[in-house]
Trainee: 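I am attaching a structure below and will ask some questions about it afterwards.
Residue numbering restarts at 1 for every chain, and letters A, B, ... go by the order of the sequence lines. Computed from heavy atoms alone, side chains included, the values below leave out hydrogens, waters and symmetry copies. Everything quoted here is computed from the prediction, not taken from an experiment.
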Amino acid sequence: MPRIKASRVKFWLLDINFEMRLGTPEIWLWGICNGERVLLLEREFKPYFYLVISDEPGSVLPALRSESLKTKEPVEFQSVERNFFGRPVKAIKVICSNPETMGNLAQRLSKVKGIERSLEEDIRFSTRYVIDTGVTPCSWHVANVRRADNPPRVIADEVYSLVGPPEKLDEAGFPRLRVMSFHVVPLGGSGGPQPGKDPVAVISVNNSRKGPRQFYMGDGDREVLISFIEYVKGYDPDIIVGYGVNQGIWQVLMNRAKHHGLKLAVDRASSEPHTSLYGHTSITGRAGLDLLDMAKEIPSLDVERLDNFARYLGLNVKGELMDLEETDISDLWASGDKQLVLKYAAHNAQIIAEAAESLLVLLTQFSDLVKLPLDHVVAAAVGFRVESYLMAFAHRAGELIPKRISRDYAPYAGGLVLNPKPGMHKDIAVIDFRSMYPNLMIKYNISPDTYTEEPAKDLNVAPEVGYGFRKSPDGFYKQALKSLVAARGDLATKLKGLSPRTTEYRLFEARQRAIKIITNAMYGYCGWVGARWYAKSVAEATAAWGRSVILRSIELAKSAGLEVMYGDTDSIFLRNDPVKVAKVLKAVGEEIGLEARPEKVYKKLMFTEAKKRYCGLLSTGEIDIVGLEAIRGDWAGVAKKAQKKLIEIILREEDVEKATAFVRQCVAQVLKGDVPKRDLVIWKTLTKPAEEYEVKAPHVEAAKIMKEKGWQPNVGDKIGYIVVKGDGKLYQRVRPFAFMEGFEPDYRYYAEKQVVPAAARVLSIYKVDESALLA
DNA sequence: TATAGGCACGTGGAGCCCTGTCT
DNA sequence: AGACAGGGCTCCACGTGCCT
């Protein structure tokens with residue numbers, strides 16, 4: 001018998017996974033402890049699920065026991081009391097031994113007479129562990145451990161066995177992490193990357209300590225892969241970060257490795273990267289991140305190219321390198337300009353490393369808040385982050401977690417939008433309700449578990465729709481929202497006492513941002529048919545209360561003597577009479593009980609006939625453009641730039657003639673063809689596979705051409721195309737912008753269908769129409 | 001492995017009417 | 001005179017990206 005020596009360690013949790021090992025499900029906690037990389041093993045934790053019973057436990061247990069005997073698995077039953085959607089229920093907690101067969105067991109046992117339903121068998125085992133123990137990714141813990149007896153073969157400085165669950169510490173910050181970025185240049189011959197068919201020309205890596213390295217092809221790519229694998233082993237990064245790597249690059253590397261009889265052993269458990277939740281590639285023991293997932297969340301990015309993303313983050317981007325198109329890279333390599341390709345790849349890897357650096361604080365705070373491992377929190381969409389938060393919250397509140405089920409889409413009425421008063425206005429104030437929906441949900445206790453169809457006293461009854469919600473006790477959503485709001489309030493207090501330059505300030509600031517995002521997503525989450533806690537009545541009632549709030553605010557503004565020029569969901573636009581506006585704000589606060597704030601003031605504001613489209617000159621001197629073509633990603637640069645400049649002239653100089661002349665000059669220039677090619681590119685997202693479209697559309701046809709050329713446009717990719725001269729419908733006259741050889745842009749189209757309509761949208765309020773601009 | 005609904009607007013395509021031409 | 005092809009027009013569905 002080995003001597004058992006217990007000790008106490010403090011560690012920061014990087015990754016968590018589960019393995020069946022030696023016949024037992026084992027939770028693996030990958031931690032960082034005094035600069036060492038450690039693995040902590042938990043073998044005592046057992047998977048379980050619930051059976052909600054309609055009878056007394058005694059009457060169902062014998063049948064459950066005899067049914068469970070048919071399986072070889074040892075099963076333990078515990079009678080427990082829980083809540084389900086706020087209603088107290090009796091349940092049997094079924095503790096089993098194998099997470100992989102638990103689903104089948106749950107299905108069998110749920111058929112036993114007296115069982116209403118099974119619950120929580122669909123919670124992943126590692127998630128179960130996080131929920132039950134409070135152990136939290138990207139957070140510090142202390143644990144009692146001893147050296148593991150039969151440690152698995154892994155890359156770690158130490159492997160421990162846990163003695164009891166770790167205890168989470170209330171401590172901010174994170175250890176010094178080893179971050180490695182990489183960029184891969186796969187060769188595609190004449191076409192694009194057929195995953196793994198063609199060799200990998202270059203792999204560039206970068207890290208904060210060792211600096212850049214490059215591995216590139218000589219005769220073949222075998223050495224490239226071997227060097228890459230060796231490099232990863234040598235540096236042993238905690239985080240491996242790429243850009244767009246979940247969309248095929250990992251697959252390319254795997255296929256190339258297989259081709260050469262190699263194992264792409266880049267994780268800490270000498271296995272290979274594998275596809276995991278949320279369509280991301282998981283690397284055991286490390287956090288494998290794809291920053292494209294983050295870029296896709298940023299609405300102001302028209303096209304989620306790395307260079308755009310990097311510029312958004314304020315990084316120093318070398319334009320001459322980043323302007324290279326992916327489609328040209330393999331040609332460049334083939335044609336001999338290898339130095340340029342190497343520089344390009346190196347710069348990409350460097351930019352990715354810098355981007356990771358600047359995002360890491362926010363990402364760790366998100367991970368800590370919603371209790372998803374770092375790699376999952378990056379890959380998961382907003383709805384799943386909210387849900388993860390709620391699942392952990394539910395456990396603490398004794399609420400059973402509903403199953404994920406598929407439901408039919410069920411639309412409901414949302415926010416109220418007023419017709420704007422078209423024309424130019426001076427001195428307009430916008431007041432809006434901060435976080436209106438979450439605050440309404442708190443105020444009226446709107447929650448799936450407080451909703452009742454029975455007539456009762458003490459109900460909040462929603463306007464228009466008439467749904468009733470119990471005033472007490474606090475509903476599940478209200479509890480969750482209040483706890484988020486309170487946490488954010490605490491952080492605000494802490495932030496006041498800190499200098500913005502400190503590490504702590506950056507951490508707390510990121511954390512409050514994460515909390516704000518989750519708080520504001522809660523309403524959308526509850527109306528999402530895929531949500532575990534979906535409740536249409538909740539979403540519908542919240543929106544209805546929102547409409548009544550805005551309508552009442554308009555009345556209050558009118559009775560204060562202020563005309564309402566426009567309004568959208570939670571905002572109203574008024575003449576900026578400070579005394580009267582203050583009066584409105586006060587009345588709104590007192591009568592409605594929600595905080596409204598003056599959001600911004602326009603010196604000049606121009607509405608078109610349309611809702612959600614206007615532009616103005618702010619009191620700060622900035623131009624604000626809302627909804628118009630100039631800020632839309634699916635209009636050509638020529639049109640966007642012309643409209644932007646035109647708006648500047650109108651707002652700053654109020655010179656309609658000058659503006660008109662400017663547009664005419666733009667039109668003439670376009671017709672002459674005196675415009676850079678990139679300003680002719682129109683970008684549109686491919687939202688489904690090209691074959692599934694019901695109508696012929698330009699960007700879909702462009703995607704098909706790319707496919708013919710060997711490139712694989714993915715669903716979600718932005719397709720850039722140029723309209724070219726020729727006959728027929730528009731969709732017959734488009735080319736992907738990278739494949740323009742032999743085609744000439746249709747400048748007439750750009751003048752008539754892009755620049756002129758965009759300009760006329762603004763100028764039409766001055767009675768300048770399209771024909772006047774084309775003349 | 002989709003947070004919500006409201007809205008504008010370009011494009012394609014179906015359907016209708018009109019008109020000119022052929023039988 | 002009637003049949004019919006084809007052009008022009010209207011209207012609507014589809015599709016996308018924006019706003020809050």
Side-chain angles (χ1 to χ4, degrees), chain A residues 122 124 275-280 293 296-297 299-300 302 372 376 379-390 404 406-407 409-420 430 432-437 517-534 536 538-540 542-544 546-547 550 566-572 599 608-614 625-635 639 682-688 692-701 715-716 718-719 723 728-734 749 753-754 757-758 761:
Chain A
D122 59 343
R124 299 175 81 236
T275 306
S276 176
L277 255 57
Y278 316 113
H280 91 293
D293 292 330
K296 295 229 179 213
E297 275 181 33
S300 59
D302 298 346
L372 281 172
H376 288 191
V382 179
F384 294 98
R385 294 185 194 158
V386 172
E387 189 148 280
S388 179
Y389 177 83
L390 286 177
R404 174 171 299 285
S406 73
R407 302 182 185 83
Y409 172 64
Y412 63 90
L416 186 70
V417 189
L418 306 182
N419 277 312
V430 184
D432 73 359
F433 290 92
R434 268 285 152 235
S435 302
M436 184 168 80
Y437 286 157
I517 291 168
I518 294 298
T519 307
N520 289 336
M522 204 71 85
Y523 155 77
Y525 170 83
C526 78
W528 167 41
V529 289
R532 289 178 189 265
W533 279 278
Y534 168 73
K536 190 185 153 189
V538 169
E540 204 174 356
T542 306
R547 290 192 296 274
I550 212 73
Y566 178 61
D568 185 347
T569 311
D570 60 358
S571 66
I572 52 176
E599 162 79 9
T608 64
E609 302 269 341
K611 297 169 175 179
K612 297 183 190 278
R613 297 178 150 240
Y614 54 90
I625 302 178
V626 180
L628 294 167
E629 286 76 3
I631 54 154
R632 287 182 66 94
D634 56 350
W635 281 72
I682 296 166
W683 295 90
K684 273 198 164 75
T685 307
L686 198 65
T687 58
K688 53 187 162 188
E692 286 178 22
Y693 279 81
E694 291 192 32
V695 294
K696 305 265 190 189
H699 71 297
V700 181
E701 296 308 302
V715 170
K718 291 248 169 38
I719 309 292
V723 178
K729 297 276 192 187
L730 190 59
Y731 69 82
Q732 295 166 313
R733 298 189 284 123
V734 295
Y749 171 85
K753 299 287 187 180
Q754 290 280 327
R761 193 97 51 219

Trainee: Report yes if at least one side-chain N or O of A:T569 is closer than 4.0 Å to OP1 or OP2 of C:dC19; otherwise report no.
Mentor: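 Result: no.
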Trainee: Rounded to whole Å, please give me the gap between CD in A:E540 and C1' in B:dG6.
Mentor: 15 Å
Trainee: Under 4.5 Å between any side-chain heavy atoms of A:K612 and A:V417, yes or no?
Mentor: yes
Trainee: Which atom pair, heavy atoms only, marks the closest approach of A:W533 to A:Y525?
Mentor: N-OH, 3.4 Å
Trainee: Figure out the NZ/P separation between A:K296 and B:dT3, and round it to whole Å.
Mentor: 13 Å
Trainee: Between B:dG10 and A:Y749, is there an OP1 or OP2 to side-chain N/O distance shorter than 4.0 Å?
Mentor: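 Answer no for this pair, as no side-chain N or O of A:Y749 is under 4.0 Å from OP1 or OP2.
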Trainee: Measure from CD1 on A:I682 to P on B:dC9 and round the result to the nearest Å.
Mentor: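 To the nearest whole Å, that distance equals 17 Å.
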Trainee: Quick check for you: among C:dG17, B:dG12, B:dT3, whose closest atom lies nearest to any side-chain atom of A:A521?
Mentor: B:dT3
Trainee: Would you mind classifying the nucleic acid contact of A:G415 as base, sugar-phosphate or nothing, using non-hydrogen atoms under 4.0 angstrom?
Mentor: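 Sugar-phosphate: the residue A:G415, judged by heavy atoms under 4.0 Å, touches backbone atoms but no base.
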Trainee: If you check every side-chain atom of A:P411, which of B:dG5, B:dT3, B:dT11 has the closest atom?
Mentor: B:dG5
Trainee: Can you tell me which nucleotide in C:dT16, C:dG15, B:dC9 comes closest to the side chain of A:K684?
Mentor: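 Between C:dT16, C:dG15, B:dC9, the one nearest the side chain of A:K684 would be C:dT16.
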Trainee: With a cut-off of less than 4.0 Å, is there a side-chain N or O of A:Y693 near OP1 or OP2 of C:dT16?
Mentor: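 Checking C:dT16 against A:Y693, a side-chain N or O does come within under 4.0 Å of OP1 or OP2.
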Trainee: Counting only side-chain heavy atoms from C-beta out, which of C:dG15, B:dG10, C:dT16 sits nearest to A:K688?
Mentor: C:dG15
Trainee: Does A:K729 put a side-chain nitrogen or oxygen below 4.0 Å from OP1 or OP2 of B:dG13?
Mentor: no
Trainee: OP1, OP2 of B:dG10 versus side-chain N and O of A:R761: anything below 4.0 Å?
Mentor: yes
Trainee: Taking atom types as modelled and ignoring hydrogens, do the side chains of A:S571 and A:Y566 form a donor-acceptor contact shorter than 3.5 angstrom?
Mentor: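 No - no donor-acceptor pair under 3.5 Å links their side chains.
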Trainee: Measure the distance from CZ on A:R404 to P on B:dT1 and round it to the nearest whole Å.
Mentor: 11 Å
Trainee: Roughly how many Å is it from CG in A:L416 to P in B:dA4, rounded to a whole number?
Mentor: 21 Å
Trainee: Using side-chain heavy atoms (C-beta onward) and a distance below 4.5 Å, is A:I517 in contact with A:R385?
Mentor: no
Trainee: How would you label the contact of A:A610 with the nucleic acid (heavy atoms, under 4.0 Å): base, sugar-phosphate, or nothing?
Mentor: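 Sugar-phosphate: the residue A:A610, judged by heavy atoms under 4.0 Å, touches backbone atoms but no base.
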Trainee: Contact between A:Y731 and A:V695 at the side-chain level, heavy atoms closer than 4.5 Å - yes or no?
Mentor: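 Counting from C-beta outward, A:Y731 and A:V695 never come under 4.5 Å.
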Trainee: Using a cut-off of 4.0 Å on non-hydrogen atoms, how would the nucleic acid contact of A:A380 be classed: base, sugar-phosphate, or nothing?
Mentor: nothing
Trainee: How about A:K718 and A:H699: do any of their side-chain heavy atoms sit closer than 4.5 Å?
Mentor: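 Not touching, per the 4.5 Å side-chain cut-off.
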Trainee: Between A:R547 (CZ) and B:dC7 (P), how many Å, whole number?
Mentor: 11 Å
Trainee: What's the closest nucleotide to the side chain of A:P757 if the choices are B:dA4, B:dG10, B:dC7?
Mentor: B:dG10
Trainee: Does A:Y409 place a side-chain N or O at less than 4.0 Å from the phosphate oxygens OP1/OP2 of B:dG5?
Mentor: yes
Trainee: Heavy atoms from C-beta onward define the side chain here; which of B:dA2, C:dG15, C:dT16 lies closest to that of A:T685?
Mentor: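 Nearest to the side chain of A:T685 among the choices is C:dT16.
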Trainee: What's the closest nucleotide to the A:W528 side chain, out of C:dC18, B:dA4, C:dC19?
Mentor: B:dA4
Trainee: Given the structure, check if the side chain of A:K612 and the base of C:dC19 hold any donor-acceptor pair shorter than 3.5 Å.
Mentor: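 In this structure, the two groups form a donor-acceptor pair.
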Trainee: Would you indicate, yes or no, if B:dC9 has its OP1 or OP2 atom less than 4.0 angstrom from a side-chain nitrogen or oxygen of A:R613?
Mentor: yes
Trainee: Identify which nucleotide among C:dG15, B:dA4, B:dT3 has an atom closest to any side-chain atom of A:E694, counting heavy atoms from C-beta outward.
Mentor: C:dG15
Trainee: For the side chain of A:K718, starting at C-beta, report the closest nucleotide among C:dG17, B:dT3, B:dT1.
Mentor: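 Of C:dG17, B:dT3, B:dT1, C:dG17 is nearest to the side chain of A:K718.
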Trainee: From CD1 of A:I517 over to P of B:dA4, roughly how many Å is that when rounded to an integer?
Mentor: 17 Å
Trainee: When all nucleic acid strands are considered with a 4.0 Å heavy-atom cut-off, which category describes A:V626: base, sugar-phosphate, or nothing?
Mentor: sugar-phosphate
Trainee: Would you say a side-chain N or O of A:H699 is under 4.0 Å from OP1 or OP2 of C:dG15?
Mentor: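 No.
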Trainee: Let me know, please, whether A:L277 or A:V417 comes out on the 5' side of the other along DNA chain B by nearest nucleotide.
Mentor: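 This one resolves to A:L277.
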Trainee: Pick base, sugar-phosphate or nothing for A:Y566, based on heavy-atom distances below 4.0 Å to the nucleic acid.
Mentor: nothing
Trainee: Mind telling me whether A:Y437 and A:Y523 have parallel, tilted or perpendicular rings, with 30° and 60° as the class edges?
Mentor: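 It falls in the tilted class, 30° to 60°.
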Trainee: Reckon A:G530 touches a base, only the sugar-phosphate, or nothing at all at heavy-atom distances under 4.0 Å?
Mentor: nothing
Trainee: Which heavy-atom pair separates A:T687 from A:Y693 by the least distance, and what is that distance?
Mentor: N-OH, 2.9 Å
Trainee: If you check every side-chain atom of A:I631, which of B:dG13, C:dC18, B:dT3 has the closest atom?
Mentor: C:dC18
Trainee: Mind checking if A:G524 touches a base, just sugar-phosphate, or nothing, with heavy atoms under 4.0 Å?
Mentor: base
Trainee: Separation of A:Y614 atom OH from B:dA8 atom C1', in whole Å?
Mentor: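 Value for this atom pair: 15 Å.
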Trainee: On the nucleotide B:dA4, are OP1 or OP2 found under 4.0 Å from the side-chain N or O atoms that A:T542 carries?
Mentor: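 No, outside the criterion.
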